[in-house]
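In what follows, every chain begins at residue 1, and chains take the letters A, B, ... in the order their sequences are listed.
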Number of protein chains: 2
Amino acid sequence: MRIGEIAETAGTTAKTLRFYEDQGLLPPAERTPAGYREYTSETVARIDFIHRGQAAGLTLMQIRQILDIRDRGQAPCGHVRDLLDARLTEIEQQLAQLTALRDTIADLRDQAAEPEPESCNPDQVCRYL
Amino acid sequence: MRIGEIAETAGTTAKTLRFYEDQGLLPPAERTPAGYREYTSETVARIDFIHRGQAAGLTLMQIRQILDIRDRGQAPCGHVRDLLDARLTEIEQQLAQLTALRDTIADLRDQAAEPEPESCNPDQVCRYL
DNA sequence: CTTGACCTTCCCCTGTACTGGAAGGTCCAG
DNA sequence: CTGGACCTTCCAGTACAGGGGAAGGTCAAG
C-alpha cells in the first residue's frame, strides 16, 4: 500500500504519516524502486494505536516512548499505567483550575449583564474586568 | 519611570512590556533623548488590566480588542460581556470534554492496574490502550 | 506522447505568550 | 575613565502537531 492509501484507511493524511516517520513514531518505510513508501496493514494497526493514545490525551512523544519499549520486545504495560496515572493527575488539576475559572468568569459576566455605560469611569478600562 | 522599574512595579518583565508594545497592547512609549522608554503610572493600571484579562482566560488579542475600543473613547462593556459569554461557553465545553477524558482514562488505568505482561499479545502494542 | 494523479524532499508557516542572547548605547558612582 | 547596571534593536527559539506549497520524479490511462 502506498502512503495516500494507508493514510485514508487509517483516517489521516500522507503528510502526517511522513511527519510520524520523521518523529520516530513509525519506522522508516520500505521503498519501491522508484522511492515510494510501501506499507503493510501492520502499519494501520500502529497508526490506530497512535490515535488511541492521542484520544487518551497522551503526547506524541509519550506514545513514541511506549512504542519504543514495545519495539525493544518489552511489555510497556507498566509504563502505560504510569503515563495514564500522570495524565489523570494532570486532568484533575486542569478540571479544578477550569472550574474555578468558570466561576470567576460567571461572576464577572453577571456583573456585566446589565451594562450601564454612562457610569463608566474614564480612568479605568472597564469596570467589569 | 523606566521600563525595568515599571515592569517590577507591575509584576512583569521589561521584555514582556516591549512585547506588549509590539503587539499593540501598550501604546508606543515616550522616549528620553537617549531613546529610553519613559512611562507614567497610568501604564501600570493598563498592565494590571491586561493581567486581569489574562486571569479571566482571555487571549492577548482579545484584551487588545477591548483596549482598542476603550482607546477610541467607546465603552467596551458590551464587547467584554460578549467575550466573557464566549469564554464561558468554551470553558463549559472544555470541562465536558475533560470530564469525559478523565472517565475514559480512569477506566483504562483500572484495567492496567494489575498488569499481566505474560498475557500480552505480540500482535498489539499494549492491550491496555 | 501527454495528461493527471500520485509520490518525493525541502523549507517555511500556523497560534500562544513569551524568553534568550548578541551587539551595542547610556548613565552614574567611584 | 572605568565598571556595572541598565537600556536599545533584532534574530531566533520554546512547545505542540502538523499544514502549505514549491520543484521535481513516477506511473497508468487514453
Side-chain angles (χ1 to χ4, degrees), chain A residues 1-26 28-39 43 46-67 83 86-87 90-91 94 97-98 101, chain B residues 1-26 28-39 43 46-67 83 86-87 90-91 94 97-98 101:
Chain A
M1 297 161 79
R2 287 187 308 182
I3 196 168
E5 196 183 349
I6 203 166
E8 192 173 8
T9 304
T12 184
T13 67
K15 204 98 185 178
T16 298
L17 295 186
R18 292 191 201 100
F19 173 72
Y20 285 173
E21 181 177 320
D22 189 55
Q23 298 297 304
L25 286 131
L26 297 179
E30 299 294 312
R31 301 293 183 125
T32 68
Y36 285 18
R37 287 178 180 78
E38 188 65 32
Y39 296 93
T43 304
R46 197 174 174 105
I47 299 167
D48 284 346
F49 178 80
I50 295 172
H51 286 163
R52 284 198 301 281
Q54 286 191 301
L58 300 180
T59 68
L60 290 184
M61 284 311 100
Q62 290 172 327
I63 296 169
R64 196 185 95 151
Q65 286 173 17
I66 299 172
L67 289 168
L83 285 174
R87 239 348 245 142
E90 279 173 26
I91 290 177
Q94 286 177 30
Q97 285 175 11
L98 218 48
L101 183 56
Chain B
M1 297 160 79
R2 287 187 308 181
I3 196 167
E5 196 184 348
I6 203 166
E8 191 172 10
T9 304
T12 182
T13 67
K15 205 98 185 177
T16 297
L17 294 186
R18 290 191 202 99
F19 173 72
Y20 284 173
E21 181 177 320
D22 190 55
Q23 299 296 304
L25 286 132
L26 297 179
E30 299 294 311
R31 299 294 182 125
T32 67
Y36 285 17
R37 286 178 181 78
E38 188 64 33
Y39 296 93
T43 304
R46 197 173 174 104
I47 298 167
D48 285 346
F49 178 79
I50 295 171
H51 286 163
R52 286 197 300 282
Q54 286 191 302
L58 300 181
T59 67
L60 290 185
M61 284 311 100
Q62 290 173 327
I63 297 168
R64 196 185 96 150
Q65 285 173 18
I66 299 173
L67 290 167
L83 285 173
R87 224 14 228 133
E90 278 174 27
I91 289 177
Q94 286 178 31
Q97 284 175 12
L98 218 48
L101 184 55

Heavy-atom donor-acceptor pair, A:Glu8 side chain to A:Thr13 backbone, under 3.5 Å: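 A pair under 3.5 Å: no.
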Heavy-atom donor-acceptor pair, B:Glu38 side chain to B:Met1 backbone, under 3.5 Å: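 Yes; at least one donor-acceptor contact below 3.5 Å.
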So, is [X] close to the [N] phosphate, meaning a side-chain N or O under 4.0 Å from OP1 or OP2?
| X | N | answer |
| --- | --- | --- |
| A:Tyr20 | D:dG18 | yes |
| B:Arg37 | D:dT9 | yes |
| A:Thr16 | D:dG19 | yes |
| A:Arg31 | D:dT26 | no |

Separation of atom [atom1] in [X] from atom [atom2] in [N], rounded to whole Å:
| X | N | atom1 | atom2 | value |
| --- | --- | --- | --- | --- |
| A:Phe19 | D:dG19 | CZ | P | 9 Å |
| A:Ile50 | D:dA17 | CD1 | P | 11 Å |
| B:Leu17 | D:dT9 | CG | C1' | 16 Å |
| B:Arg2 | D:dA5 | CZ | C1' | 9 Å |
| A:Ile3 | D:dG19 | CD1 | P | 12 Å |
| A:Gln23 | D:dA17 | CD | C1' | 9 Å |
| B:Lys15 | D:dG13 | NZ | C1' | 11 Å |
| A:Gln62 | D:dA15 | CD | P | 14 Å |

Carboxylate-amine/guanidinium proximity below 4.0 Å for B:Arg18 and B:Glu21: no
Test: A:Glu5 and A:Arg2 ion pair at under 4.0 Å: no
Whichever of B:Ala34 and B:Leu60 has its nearest DNA chain C nucleotide further upstream toward 5':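 Closer to the 5' end of DNA chain C: B:Leu60.
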Residue whose closest nucleotide on DNA chain C lies nearer the 5' end, B:Met61 versus A:Ala14: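 Taking each residue's closest nucleotide, the earlier one in sequence belongs to A:Ala14.
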Pairwise 5' ranking along DNA chain D for A:Thr13 and B:Gly35, keeping only the more 5' one: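 Its nearest nucleotide lies further toward 5', so the answer is B:Gly35.
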Within-4.5 Å side-chain heavy-atom neighbours: B:Arg37 and B:Glu30: no
Student check: side-chain heavy atoms of B:Lys15 and B:Phe19 closer than 4.5 Å: no
Heavy-atom pair with the smallest gap, counting every atom of A:Leu58 and A:Ile66: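 For A:Leu58 versus A:Ile66, the nearest heavy atoms are CD1-CD1, 4.0 Å.
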Covered region of DNA chain C, 5' end to 3' end, by chain B [heavy atoms, under 4.0 Å]: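 Nucleotide range with atoms under 4.0 Å of chain B: C:dA17 to C:dC27.
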Touch class at under 4.0 angstrom, heavy-atom based, for B:Thr59 against every strand present: sugar-phosphate
